[in-house]
Protein chains: 2
Amino acid sequence: MLQKQRQDKILECLAGGDYLSVDEAVKLFKSSPATIRRDFMELAESGQVQKVRGGVGSKRASSTLPFADRAEFCSVEKEKIAKSAVSMIKTGDIVFIDGGTTTFNMASYLPDINIRIITNSLRLASALEEKKSDAGWEIYLTGGFLYTKSGILLGPNAQSSLAQYHANLAFLSVSGIDENGIYNNSELVVDMERVMINNSDRTVIMADHSKIGKHGLVKVCGLDRISVLITDSSRESKDYLLKIRNGITELAQV
Amino acid sequence: MLQKQRQDKILECLAGGDYLSVDEAVKLFKSSPATIRRDFMELAESGQVQKVRGGVGSKRASSTLPFADRAEFCSVEKEKIAKSAVSMIKTGDIVFIDGGTTTFNMASYLPDINIRIITNSLRLASALEEKKSDAGWEIYLTGGFLYTKSGILLGPNAQSSLAQYHANLAFLSVSGIDENGIYNNSELVVDMERVMINNSDRTVIMADHSKIGKHGLVKVCGLDRISVLITDSSRESKDYLLKIRNGITELAQV
DNA sequence: TCAATAGTAATCATAAATAATCATAATAAA
DNA sequence: TTTATTATGATTATTTATGATTACTATTGA
């Protein structure tokens, strides 16, 4: 049996949202544990299954994420932060959601209420499209050049497209935040985020503890433009949070 | 056995959506491994199969289209038409691809050469993003409101976003074509298609035989604006095709 | 806490598949 | 016919996948 064929069958076994052990797979495909492990590893690396001791499990809810480095998208902290962020959204809201990994997790928890979502993330839009809310989320995508590496739309067309909208809330990912402001690593991303900040009533920054006290290539804006910071608690970031606390309106720790 | 004959048989074997190993093919066609490999390579280069170690797989074998109603997208006719359409694309081209089901199939066959693709189809963009061409397709998405039912971007923002671009080739799906012109069922879709036609050097209509002689809610344009019609042959549509034939520059029947 | 067990990762030799090269056979063009 | 072109199959070196062995690590239960 071909390697690829075997891997397809593994995925098939897991399609029902189940679990497949190394031993079972060895019997099923008549190969050695080493080979099965290698298959499992590859499938896990490409994000198609999740590795557990003794075998692999289906990715279940997040199984439709189309990108490789899925692990990065699914950390417990980021999910908590995302959950807290969506709880701020009320019926009738118009929200900007930018293209970061933290904000992407919001897709899983968005309540099925009437809201309008404006985003430059192809992946977020795809995820929301597949969920097909009953209440009918209205989804608006910005145009522009598609960065296939990160699945987000950037560039002048994306910016001018985004500038057409105004929102109640903007949810942003950052690469760092300190007492002077928020940072990100790409100029094009920063340009988009600035438009979101300027065109929304309130700006919510979603940053896990690893971002606290860190910087980035470009400063997006000062803390005075930030309404809410949602982060998770950790011992190391505690001191830094105190410094930031005074610059912003509200701090949510999850 | 002729080379062409053999390659057709290979494709037949894969029609069911499975894999074919080099060894199996060697026995089946009584040729040498070298020849079979060359066949596999050619078929893979033209995008008709996917190469895996030890053999080839059908394009459908592992490619997971992100939406439910896959069947509709995969009819043999539409695939043939799509294949013929992509063969028109050359290195350096800038192409519009609209959001229909026929045009969507082009994603599977797009050659890995340097081209720029402008589309209002979220699903096409997602599919291309996942394929991650080596040569680096540049993908541009129009902005606008996302119709989750069909996964396409429409509305005034989509239009103005699209109007920024100019292409060599525009590939359009239609709901019908007759001797007077082409038709579609949604005003918003027609608006987008008109922009594509106006902003491209050549317009290619992709319509399977069920569309020939049919109409739709809105007329998009007359046949004089159409450069090429790609369709599949069928007894019923033959007479109608003769009428249409004179209105357009070129007719490709697959 | 400790071993006992089960699962894993790392290494390596082997086997298999592939790409590259070449000579030959089949085909098409002059 | 002769020549040029293309397809084929054999050979080779190279790359890649595999399974056995071993050492390592996590989990379990006393």
Side-chain angles (χ1 to χ4, degrees), chain A residues 1-14 16-60 68-72 74-77, chain B residues 1-14 16-63 83 87 111-113 131-135:
Chain A
M1 180 180 277
L2 305 178
Q3 183 185 33
K4 195 78 206 283
Q5 230 171 343
R6 212 177 40 231
Q7 295 187 0
D8 275 2
K9 293 253 181 231
I10 292 171
L11 290 176
E12 245 176 67
C13 290
L14 294 173
D18 208 26
Y19 167 88
L20 181 66
S21 74
V22 175
D23 289 346
E24 282 171 332
V26 165
K27 278 182 213 150
L28 208 53
F29 307 123
K30 298 179 205 343
S31 8
S32 71
T35 302
I36 296 298
R37 267 176 232 289
R38 274 185 277 248
D39 283 341
F40 283 4
M41 204 191 309
E42 278 173 39
L43 290 170
E45 258 166 36
S46 70
Q48 303 186 74
V49 302
Q50 67 178 140
K51 244 169 59 164
V52 294
R53 197 177 169 77
V56 285
S58 94
K59 270 262 160 168
R60 302 173 60 72
D69 43 351
R70 194 172 308 176
E72 200 202 329
C74 292
S75 81
V76 182
E77 291 82 19
Chain B
M1 182 182 279
L2 298 174
Q3 184 182 31
K4 184 83 177 53
Q5 245 175 329
R6 212 175 40 232
Q7 295 190 359
D8 281 353
K9 291 252 179 229
I10 292 171
L11 290 175
E12 252 176 60
C13 289
L14 294 173
D18 208 29
Y19 290 95
L20 180 66
S21 74
V22 175
D23 288 347
E24 283 169 334
V26 165
K27 278 182 212 150
L28 210 52
F29 308 123
K30 298 179 204 344
S31 352
S32 72
T35 303
I36 296 298
R37 285 214 173 78
R38 275 185 276 248
D39 283 341
F40 283 3
M41 204 191 310
E42 279 171 36
L43 290 170
E45 262 166 32
S46 67
Q48 304 186 73
V49 302
Q50 63 171 151
K51 238 168 68 163
V52 297
R53 196 178 172 78
V56 286
S58 107
K59 275 273 164 170
R60 247 166 320 318
S62 65
S63 81
K83 223 178 290 180
S87 73
D112 195 0
I113 55 178
K131 283 190 74 180
K132 297 218 191 283
S133 107
D134 299 318

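This is a predicted model, so every value here is computed, not measured. In what follows, every chain begins at residue 1, and chains take the letters A, B, ... in the order their sequences are listed. Heavy-atom basis, side chains included; hydrogens, waters and symmetry copies ignored.
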- Message: Need one value for V26(B): base, sugar-phosphate or nothing, where a base atom within 4.0 Å counts as base even if backbone is also close, heavy atoms only.
- Response: nothing
- Message: Working to the nearest 0.5 angstrom, can you tell me the gap between Y19(B) OH and Q3(A) CD?
- Response: 10.5 Å
- Item | Listed once per pair and sorted, the salt bridge (charged side-chain N to carboxylate O under 4.0 Å, His left out) pairs that draw on residues 27-37 of chain A, sequence neighbours left out | none
- With a 4.5 Å heavy-atom cut-off, do V22(A) and F40(A) have their side chains touching? yes
- Message: To the nearest 0.5 Å, what is the distance between CD1 on I10(A) and CG on L43(A)?
- Response: 5.5 Å
- Residue pair R53(B), K4(A): steps toward the side chain to side chain contact (heavy atoms under 4.5 Å, CB included) verdict: CA-CA 7 Å; R53(B) 196 178 172 78; K4(A) 195 78 206 283; over 6 Å; no
- Item | Derivation of the side chain to side chain contact (heavy atoms under 4.5 Å, CB included) call for C13(B) and L28(B) | CA-CA 10 Å; C13(B) 289; L28(B) 210 52; 3.9 Å; yes
- Message: If I take atom CG from residue D39(B) and atom CZ from residue F29(B), how far apart are they, to the nearest 0.5 angstrom?
- Response: 8.0 Å
- Can a side chain N or O of Q3(A) be found less than 4.0 Å away from OP1 or OP2 on dT18(D)? yes
- Item | S87(B): partners by side chain to side chain donor-acceptor pair (under 3.5 Å), with sequence neighbours left out | none
- Query: Where each residue is assigned the nucleotide of DNA chain D containing its nearest heavy atom, which of E42(B) and E42(A) is assigned the position nearer the 5′ end?
  - Reply: E42(B)
- Query: Rounded to whole angstrom units, what separation is found between the CD atom of Q5(A) and the C1' atom of dA17(D)?
  - Reply: 15 Å
- So what does K4(B) hit on the nucleic acid, given a heavy-atom distance under 4.0 Å: a base, only sugar-phosphate, or nothing? nothing
- Message: At a heavy-atom distance below 4.0 Å, which nucleotide of DNA chain C is the first touched by chain B, and which is the last?
- Response: dA16(C) to dA19(C)
- Query: How close or far is atom P of dT8(D) from atom CD1 of I36(B), stated in whole angstroms?
  - Reply: 9 Å
- CD of Q7(B) to CD1 of I36(B), rounded to nearest 0.5 Å, is 9.5 Å
- Message: So if I define the base as every atom that isn't primed, P, OP1 or OP2, how would nucleotides 20-30 of chain D read as a B/S/- string at a heavy-atom cutoff under 4.0 Å?
- Response: ------BS---
- Mapping L2(A) and R37(A) onto DNA chain C by nearest heavy atom, which one lands closer to the 5' end? R37(A)
- Message: Without decimals, in angstroms, what is the distance between F29(A) CZ and dA17(D) P?
- Response: 18 Å
- Partners meeting salt bridge (charged side-chain N to carboxylate O under 4.0 Å, His left out) with D23(B) (sequence neighbours left out): none
- Item | Closest approach of Q50(B) to S58(B) (non-hydrogen atoms, all atoms of both residues) | OE1-O, 3.4 Å
- Note on the structure: Between its two end axes (five pairs each) the helix from dT1(C)-dA30(D) to dA30(C)-dT1(D) turns, nearest 10 degrees, through 40°
